[in-house]
Amino acid sequence: MKPILFNLTDGELEQFIVELGQPKFRAKQIREWLNRGAPDFLSMKNIPETLRTQLQETAQTLPVRIIKKLESSDGETTKFLLELDDGEQIESVLMRTTYGNSVCVSSQAGCAMGCKFCASTLLGLKRNLSANEIYSQILVAQWELRSDKFKDRPIKPNGDANNGDVSHIVVMGTGEPLQNTENVIGFIERANSDMGIGWRRITVSTCGIVPGIDRLIEWGRPINLAISLHAPTDELRCQIMPINNRYKLAEVLDAAWRFTDLHNRQLMIEYILLGKKDENGETILYNATPDHAEKLSELLRGKNCMVNLIPWNAVDERDFASLSGNAVHRFQDILIKNGVHTRIRRERGTDIGSACGQLRLNNAKK
Ligand code: SAH
């Protein structure tokens, strides 16, 4: 396998370059390109062409390689299917929004959690990603954003997202970040120190691994926490999220409030609205009845949180149905009536299968 230069320390990189008969300062130049996310050596413009070609044949830049890049028709969302050194595939998504450029990163190849509505977990867990593999997903997005300047891309209302840098990170791609907590922490520390992304612009989403939340509390950085709740009772949650057999709702929320109290941060609650088909083929509410909305309100009333209502992105292998906008609004109205903050998550990039592990799954099926 070709050495991955991004993974080398400065000393190792220097040695590598010197062994090629090159002056030391080239190592520094190459490092700068690597830190900017250069996907190949040929784009390293201040390196002599012969060296660029030599490196291209003998080494690799980042620990991820783009094997597919899909762009939504509105030009706002770019999805990357990336290959790791051992052939595993992961996905990341760049979203150009009015508040900045957000990247959704994967923390694992595959997922062991087994949530019944999700595509990412269908092939099981392959392995944890290293901090470098997670960080490289941001670099790929950053490189893409900088090349936006050369494309005819519409200017955003705030004027700067068009040629801005990555400003927000959500650890909401494939995998359960709190099953890979130390590497996720390492990644976030680096995104903050090397890329200058503020703690408050970084969100980690978990299905509710209580010891992992405790570890984030101990770590003490004021990032945002999101809990994938998706059901207001243990009975229902156990049916769709096996992790609930291990950590019950009350325990998960208790840990989450302890986290948010620490920095006075608002907790994000994710709630996918799921339907089922009855025997006549009609869609019925699964976790989205008025009673569920009332029970959810009871759990959250008076707490510092925001409920993100998420329309379900249909997954062929999964036995659920998406709900109409009306059903989503009726559910939301009950939360609002009960004084619970809520918003409906805008769907992005559904035309490119941007949701939740679909790209990787479809590629594996081929
Ligand atoms: N394992 C973490 C992070 C990855 S999942 C977690 O559970 O939070 C990111 C979010 O996408 C979670 O809220 C997850 O429940 C949701 N999700 C999974 N599959 C989905 C689908 N098909 N449609 C909409 N949201 C989905």
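Every heavy atom of this structure was used, including side-chain atoms; hydrogens, water molecules and symmetry mates were not. In this chain, residues are counted from 1 in sequence order. Atoms within each ligand, like the ligands themselves, are counted from 1 in listed order.
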Tell me whether ligand 1 is touched by [X] - counting only heavy atoms on the residue side and a distance under 4.0 Å.
{"X": "R318", "value": "no"}
{"X": "M113", "value": "no"}
{"X": "C111", "value": "no"}

**Asked** Relative to atom 24 (C) of ligand 1, which among N308, I243, N313, I209 owns the nearest non-hydrogen atom?
**Response** N313
**ligand 1 versus E270: contacting region, heavy-atom distance under 4.0 Å** = side chain
**Prompt:** Is T206 touching ligand 1 with its side chain, its backbone, both, or neither, if touching means heavy atoms under 4.0 Å apart?
**Reply:** backbone
Pull out every atom of ligand 1 sitting under 4.0 Å from any heavy atom of [X], numbered as shown with elements.
{"X": "C207", "result": "6 (C), 7 (O), 8 (O)"}
{"X": "C118", "result": "18 (C), 19 (N)"}
{"X": "H230", "result": "13 (O), 14 (C), 15 (O)"}
{"X": "M172", "result": "4 (C), 5 (S), 9 (C)"}
{"X": "G173", "result": "4 (C)"}
{"X": "I272", "result": "15 (O), 16 (C), 17 (N), 20 (C), 24 (C), 25 (N), 26 (C)"}
{"X": "V315", "result": "22 (N)"}

Does the distance from a Lys or Arg side-chain N to an Asp or Glu carboxylate O, for [X] and [Y], drop under 4.0 Å?
{"X": "K28", "Y": "E14", "value": "no"}
{"X": "R65", "Y": "E83", "value": "yes"}
{"X": "D254", "Y": "R258", "value": "yes"}
{"X": "E91", "Y": "K79", "value": "yes"}

Kindly indicate whether a cation-pi arrangement holds for [X] with [Y], taking the cut-offs as under 6.0 Å to the six-membered ring centre and within 45° of the axis.
{"X": "R52", "Y": "F41", "answer": "no"}
{"X": "R146", "Y": "W143", "answer": "no"}
{"X": "K68", "Y": "F80", "answer": "no"}

**Item:** N or O contact, G175 vs ligand 1, cut-off under 3.5 Å
**Value:** yes
**Request:** Answer yes or no: is there a side-chain heavy-atom contact under 4.5 Å between I202 and F187?
**Result:** no
**Request:** Give, for atom OH of Y286 and atom CD1 of I284, the distance between the pair rounded to the nearest 0.5 Å.
**Result:** 10.0 Å
